[in-house]
Amino acid sequence: MEEESTSEEEDDDVEEEVEEEEDEAEEENDADQDDRTASNAQAGPSGQREKITISLGKKGLVCHVCGKKGHCAGFVGSVYHDCPFKPCYLCKQSGHTTMTCPFRIAPEHGCRQASGICSDGMLAFVRQRELSGRRQDMHIEQNDWLVDSAVLKLHSRRCTCLEFHPTKDNIVVSGDKKGQVAVWDFEKCASASSDGLCKVFDVETGFDTVVLNMNPDGWIPGVTNERTWVMLYGLDVCTERQLIIAGDNKGKVYFADARTNKEIAQHQLHKKGNKVNTVHVNPMNCNLMMTGSNDWTARIFDIRAMSSSVGGSSSNGNSGSKSDGEPMEVACMDHPKVVNAAYFSPRSGTKIMTTCIDNRLRIWDYILSASDAPDREIVHSHDFNRYLTPFRAEWDPKDAAERTVIIGRYISEDFGGAALHPVDIMDASTGRLLTQLVDANLSTICPVNKPHPRLDVIISGSSRSLYAWRPVSKDGEEDSERAKVAAEKKNKAAPSSNHYVSYDADDAATEKKKRKAASAAAVQEDEGVPAGKGKGKKSAATVFSEDDTPPSKAKGGRKKKDDDQPEGKKRKK
DNA sequence: ACGTAATGGGCCC
DNA sequence: TGGGCCCCCTTACG
């Protein structure tokens with residue numbers, strides 16, 4: 001907002017000042033930098049932008065990134081200009097900015113093959129042939145997906161996770177930073193929600209059962225503090241073993257029996273004081289579990305040793321009982337930074353993909369080589385860790401070849417005058433960007449994305465809202481409308497129109513309740529404190545059962561919004 | 001149209 | 001081991 005307006009103003013200033021100050025600038029000691037930024041601007045899509053030499057025009061300003069004078073990092077219209085004195089935001093190397101990063105323009109995102117694979121011989125030959133064969137269809141498709149529907153401000157805090165209903169195709173469940181759970185029917189564009197601690201939640205009835213409560217005494221002012229309060233992060237359910245497995249912010253992993261909803265074990269599997277961000281049970285072998293953690297590792301465990309204790313006496317409190325046998329660590333994948341996510345491939349369970357905040361996705365093609373270096377590292381922009389839910393790359397379970405992965409992108413790109421943050425669909429085997437999802441209706445960053453297990457639907461969680469993407473049909477009547485929208489978007493990034501169905505969960509009626517509830521629960525507003533205690537709290541959305549009428553604003557099913565653009569910046573040029 | 005708070009990781013002492 | 005400080009393109013609200 002702020003940046004938009006300033007840069008727009010300054011655009012004009014700049015054009016004028018450039019002429020005046022050109023000579024002077026040559027003598028500045030940072031003239032090189034200016035030149036470089038200038039050429040960056042030229043590289044932009046708009047030819048007219050060549051003249052906008054931001055660095056020169058902002059000579060009097062101080063760069064808020066490095067504090068030096070003579071240039072100013074920030075948006076010029078929809079194009080962000082890096083501070084030239086900082087390492088590249090994308091690959092982290094010095095000497096260039098994001099705009100000119102070799103990884104950014106590399107066809108395969110800087111995908112680096114492991115040495116073993118690149119070695120001479122038949123394998124290398126076949127691989128080379130594969131790659132060069134594939135390069136022919138290299139164009140990146142865009143605009144073949146659009147946001148089809150959305151629930152805006154569904155959550156009171158940013159969305160942190162998404163899961164589809166196992167059988168109901170139209171139902172997606174989302175969780176937020178506050179521990180609240182929402183259920184969204186993206187066909188009807190209506191939603192239900194419930195406050196949650198660490199619970200099993202029945203989507204049908206709305207009832208929940210507490211499974212794990214790591215803070216049984218609740219928050220005692222003066223006694224409890226941020227250090228002692230336990231929060232849960234990674235979570236997975238092994239249906240075969242009827243196990244619920246959750247990781248906390250202290251490096252511990254908890255195991256609960258899904259039949260009794262009781263904790264049966266807890267183990268310190270990661271370095272103390274570090275979050276266990278994800279837990280994933282191998283889809284083909286429930287003895288194997290993988291965790292991704294803030295201790296810069298992803299680890300694979302064999303849980304057979306402890307699983308014999310299922311049904312045994314439950315450990316409690318801080319005993320950290322290890323008497324039942326600890327999960328055996330079978331591999332530890334070291335990373336140079338925090339591991340946001342570590343997932344087995346969804347079908348065979350053979351491949352491994354990790355999302356690390358060093359801006360790289362790492363792929364191991366075989367579990368057996370997990371102790372070695374990854375087979376591939378793909379440079380991809382997803383490193384922002386403040387303000388946003390950590391990015392997590394997800395496998396597309398529909399892809400039998402287990403190559404398609406999806407991840408939101410942090411760094412924005414200029415799409416016809418709008419700075420948008422695409423959701424990327426990539427090939428984990430080559431590092432190639434297959435498709436980038438952009439829609440003028442979605443201008444905020446999407447750290448959480450989930451491909452539907454059966455349908456051509458992708459749900460994105462962005463800030464407090466959820467969005468459902470669908471492909472633009474290549475044929476049929478609908479096509480013209482959506483194609484038009486896409487074209488419109490491409491050219492002007494104007495808020496697209498008819499296809500877009502949204503429901504603002506934060507409507508006036510519920511807002512009232514929310515305020516009331518919020519003030520009543522003001523003490524718990526701290527995000528570190530799960531909202532479980534505040535049971536009566538109302539969510540932004542109205543609760544409805546499947547056959548009920550959707551909440552007031554969405555009455556009558558789909559509601560068309562012609563003129564509305566949801567949350568977020570509208571960067572126009 | 002502004003101003004600003006919430007927020008998490010990393011590093012240094 | 002802990003407090004303090006820095007930081008990168010945020011987002012929503014007042």
Side-chain angles (χ1 to χ4, degrees), chain A residues 1-9 40 54 63-67 72-92 94 97-99 101 104 152-160 176-178 225-228 231 233 249-250 271-275 277 293-296 335-340 356-359 381-391 408-415 418-422 442-448 461-465 504-506 511 514-515 518 522 525-529 540 565-571:
Chain A
M1 253 179 297
E2 186 187 343
E3 282 156 326
E4 176 204 353
S5 56
T6 30
S7 34
E8 270 188 55
E9 280 167 27
N40 289 347
I54 47 146
C63 174
H64 73 278
V65 174
C66 70
C72 189
F75 276 101
V76 175
S78 54
V79 178
Y80 187 88
H81 294 266
D82 292 348
C83 170
F85 295 112
K86 284 283 176 178
C88 171
Y89 294 163
L90 178 56
C91 73
K92 309 299 177 194
S94 300
T97 60
T98 312
M99 201 102 58
C101 176
R104 174 189 165 115
L152 307 179
K153 301 183 208 166
L154 173 64
H155 288 281
S156 65
R157 290 291 186 279
R158 60 183 202 233
C159 172
T160 54
D176 69 20
K177 190 99 189 6
K178 213 170 166 181
N225 58 40
E226 278 74 18
R227 268 194 3 265
T228 56
M231 293 180 270
Y233 285 82
N249 57 339
K250 310 248 185 289
K271 213 174 134 194
K272 268 186 187 167
N274 290 274
K275 283 175 197 161
N277 293 314
S293 166
N294 271 29
D295 72 358
W296 298 15
H335 290 67
K337 285 274 160 58
V338 165
V339 179
N340 286 347
C356 178
I357 65 169
D358 71 342
N359 265 358
S381 167
H382 55 255
D383 66 327
F384 209 52
N385 50 33
R386 202 166 63 156
Y387 313 122
L388 299 173
T389 300
F391 289 85
R409 199 191 307 172
Y410 170 51
I411 297 180
S412 66
E413 195 91 38
D414 173 45
F415 288 92
L420 298 177
H421 308 266
L442 210 182
S443 57
T444 49
I445 295 170
C446 298
V448 191
S462 181
S463 186
R464 295 158 43 193
S465 305
D504 192 334
D506 202 11
E511 179 129 44
K514 216 179 70 179
R515 286 238 182 86
E525 283 296 311
D526 188 318
E527 292 203 358
V529 185
Q565 167 137 345
E567 289 313 297
K569 299 175 190 182
K570 301 172 198 173
R571 282 197 189 94

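All values reported here derive from a predicted model rather than from experimental measurement. Here is how names work: the chains are called A, B, and so on, in the same order as the sequence lines, proteins then strands, and each is numbered from 1.
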Taking B:dT7 as the reference, what is the distance to C:dC13 when you measure between their C1' atoms (whole Å, please)?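 Their C1' atoms lie roughly 16 Å apart.
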
Rounded interatomic separation in angstrom, taking [atom1] from [X] and [atom2] from [N]:
{"X": "A:Ile445", "N": "C:dA12", "atom1": "CD1", "atom2": "P", "answer": "11 Å"}
{"X": "A:Asp358", "N": "B:dG10", "atom1": "CG", "atom2": "P", "answer": "11 Å"}
{"X": "A:Leu420", "N": "C:dC9", "atom1": "CG", "atom2": "C1'", "answer": "13 Å"}
{"X": "A:Lys337", "N": "C:dC8", "atom1": "NZ", "atom2": "P", "answer": "12 Å"}
{"X": "A:Leu152", "N": "C:dT11", "atom1": "CG", "atom2": "P", "answer": "14 Å"}
{"X": "A:Tyr410", "N": "C:dC8", "atom1": "OH", "atom2": "C1'", "answer": "5 Å"}
{"X": "A:Arg158", "N": "C:dC13", "atom1": "CZ", "atom2": "P", "answer": "15 Å"}
{"X": "A:Asp383", "N": "C:dC7", "atom1": "CG", "atom2": "P", "answer": "15 Å"}

Just checking A:Lys92: base, sugar-phosphate only, or nothing, at a heavy-atom cut-off of under 4.0 Å? base

At under 4.0 Å between heavy atoms, what does A:Ile411 touch on the DNA or RNA strands: base, sugar-phosphate, or nothing? base

[N], OP1 or OP2 - any side-chain N/O from [X] closer than 4.0 Å?
{"X": "A:Trp296", "N": "B:dG9", "answer": "no"}
{"X": "A:Arg386", "N": "C:dC9", "answer": "no"}
{"X": "A:Asn294", "N": "B:dG9", "answer": "yes"}
{"X": "A:Ser463", "N": "C:dA12", "answer": "yes"}
{"X": "A:Lys177", "N": "C:dT11", "answer": "no"}

Which is it for C:dC8, anti or syn, if anything within 90° of zero counts as syn?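 For C:dC8, whose glycosidic angle is within 90° of 0, the conformation is syn.
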
Select one nucleotide: of B:dA6, C:dC8, B:dG8, the one nearest the side-chain heavy atoms of A:Tyr387. B:dA6

Thinking salt bridges, do A:Lys92 and A:Asp383 make one under a 4.0 Å N-O criterion?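 Looking at A:Lys92 and A:Asp383, the cut-off is met.
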
Say whether, by atom type as modelled, one donor and one acceptor occur between the side chain of A:Ser463 and the main chain of A:Arg158 under 3.5 angstrom.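 Side chain of A:Ser463 to backbone of A:Arg158: no pair is present.
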
Short side-chain to backbone donor-acceptor contact, A:Thr98 and A:Cys88, under 3.5 Å: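 No, A:Thr98 side chain to A:Cys88 backbone: no donor-acceptor pair under 3.5 Å.
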
Please work out which of the three classes, parallel, tilted or perpendicular, describes the rings of A:Tyr410 and A:His421, given edges at 30° and 60°. parallel

Pair A:Ser293, A:Asn274: side-chain N/O donor-acceptor within cut-off below 3.5 Å: no

